[in-house]
2 protein chains.
Amino acid sequence: MSVMSEERYEPALRLFSLLAHPARLRILDLLRRGEACVCHLQAALRAPQPYISQQLRVLREAGLIACRREGLFVYYRLENQQVAHLLADLLGPVAEEPSSLQCTCPRCRETASFEPIFLVEVN
Amino acid sequence: MSVMSEERYEPALRLFSLLAHPARLRILDLLRRGEACVCHLQAALRAPQPYISQQLRVLREAGLIACRREGLFVYYRLENQQVAHLLADLLGPVAEEPSSLQCTCPRCRETASFEPIFLVEVN
DNA sequence: ATACTATATGCAACCCATTGCATATAATGA
DNA sequence: TCATTATATGCAATGGGTTGCATATAGTAT
């Protein structure tokens, strides 16, 4: 049939398509707590960096998230309030994970209370 | 990578996957107004009947809608309040379509104010 | 310039939902 | 019983998103 895509539904359809993806949904949920750098998300999802960056691009080009570069690091943030509401409805309030993940970015270093998880001491 | 499907997100992921589909979203939106028979949805979507029934099955097996048979006709209804809220958030209040679609079901016949759209007089 | 780290991009292969269609079933009436 | 209408199911083919990986780019430091 292929007809049937009323323009009235298109924004909602695009949004649902973006959210109906494990990695993207997880990323958006993580960003509800505030900014996060790519390496942070990478550590949280335990997925290859190019994979993370690809999903970030999809979300960025859709306007759901935005980013800001600081030196070598790029910090992403949730940029769409409607998504924040949606996630609050469906996932509940922001979940505080027991051991907050640490990566190699300065932000993680300065607030580090434990040994960073993905930082390996080389002697 | 295929790992990464935290059970915490699975209900939301399933829901988003169901909603990220033009026909299914349209059907759910239509059912916000109340019950509708298959032929009614068929007329509204202008899609083949087997196609409509398939999407209805998907939604039914997911528990989003329920149905009740009355003679030859099967009336579907929205069965998930969370979905109703979601749609209200994203699509706004129930839209009253200018000319309400009519099909061949008794319900449409008794409330018919105009000639049913998809009813052809064969004399 | 070179080296190194963090991040982004390009692209091909794969996989699975989508969808079209034939057919089956349910219910009613003659 | 047969005919007809409304709805459901089965299944193969297709198309488009997903994903893995090689590689490119940006930024910093020596």
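FYI, side chains are in, hydrogens and waters are out, and symmetry mates aren't considered; it's all heavy atoms of this structure. By convention in this document, chain letters (A, B, ...) are assigned in the order of the sequence lines, proteins followed by strands, and residues within each chain are numbered from 1.
Using a 4.0 Å cut-off, some side-chain N or O of B:Y51 falls inside it from OP1 or OP2 of C:dT19. At the phosphate of C:dT18, OP1 or OP2 sits under 4.0 Å from a side-chain N or O atom of B:R24. Between B:R57 and the phosphate of D:dG10, there is a side-chain N or O to OP1/OP2 separation shorter than 4.0 Å. Regarding contacts with the backbone of D:dA6, every side-chain N or O of B:H40 stays at 4.0 angstrom or more from both OP1 and OP2.
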*Take B:R26 and B:D29 through the test salt bridge (Lys or Arg N to Asp or Glu O under 4.0 Å) and record every step on the way to the result.*
CA-CA 5 Å; B:R26 182 95 216 283; B:D29 184 32; 5.2 Å; no
*Determine, stepwise, if the pair B:E10 / B:R8 fulfils salt bridge (Lys or Arg N to Asp or Glu O under 4.0 Å).*
CA-CA 6 Å; B:E10 278 168 12; B:R8 175 175 173 233; over 6 Å; no
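A straight line from CG of B:L59 to P of C:dA17 spans 15 Å, rounded to a whole angstrom. Across the protein-nucleic acid pair, B:E70 atom CD and D:dT7 atom P stand 11 Å apart, rounded to whole Å. When rounded to the nearest whole Å, the span between CG of B:L41 and P of D:dA8 equals 10 Å. With rounding to whole Å, A:Q55 atom CD is found 16 Å from C:dT7 atom P. For A:I52 and D:dT18, the CD1 to P distance is 14 Å, given to the nearest whole Å. In this structure, CD of B:Q42 is placed 11 Å from P of D:dA8, rounded to the nearest angstrom. For the pair B:R69 CZ and C:dT25 P, the computed distance is 14 Å after rounding to whole Å. The CD1-C1' distance, from B:I27 to C:dT19, rounds to 14 Å in whole Å.
One finds no salt bridge joining B:R60 and B:E79 here, because no Lys/Arg side-chain nitrogen approaches an Asp/Glu carboxylate oxygen to under 4.0 Å.
The two residues B:R32 and B:A88 make their nearest non-hydrogen contact at NH2-CA, 3.5 Å.
Taking 3.5 Å as the limit, the base of C:dA6 and the side chain of A:Q49 contain no donor-acceptor pair of atoms between them. Put simply, the side chain of A:Q54 and the base of D:dG17 share no donor and acceptor less than 3.5 Å apart.
If A:P50 and B:S53 are placed on DNA chain D by their nearest nucleotide, the residue sitting closer to the 5' end is B:S53.
Comparing D:dA6, C:dT19, D:dA8 by their closest approach to the side chain of B:F73 singles out D:dA6. In this structure, the nucleotide among C:dT7, C:dT18, D:dT5 sitting nearest to the side chain of B:L72 is D:dT5. When distances are taken from the side chain of B:V74 to each of D:dA6, D:dA8, C:dT7, the shortest belongs to D:dA8.
At a threshold of 4.5 Å between non-hydrogen side-chain atoms, the residues B:L15 and B:L86 count as touching.
Among the protein residues, B:Y75 comes within range of no part of the nucleic acid, since none of its heavy atoms lies under 4.0 Å from any strand.
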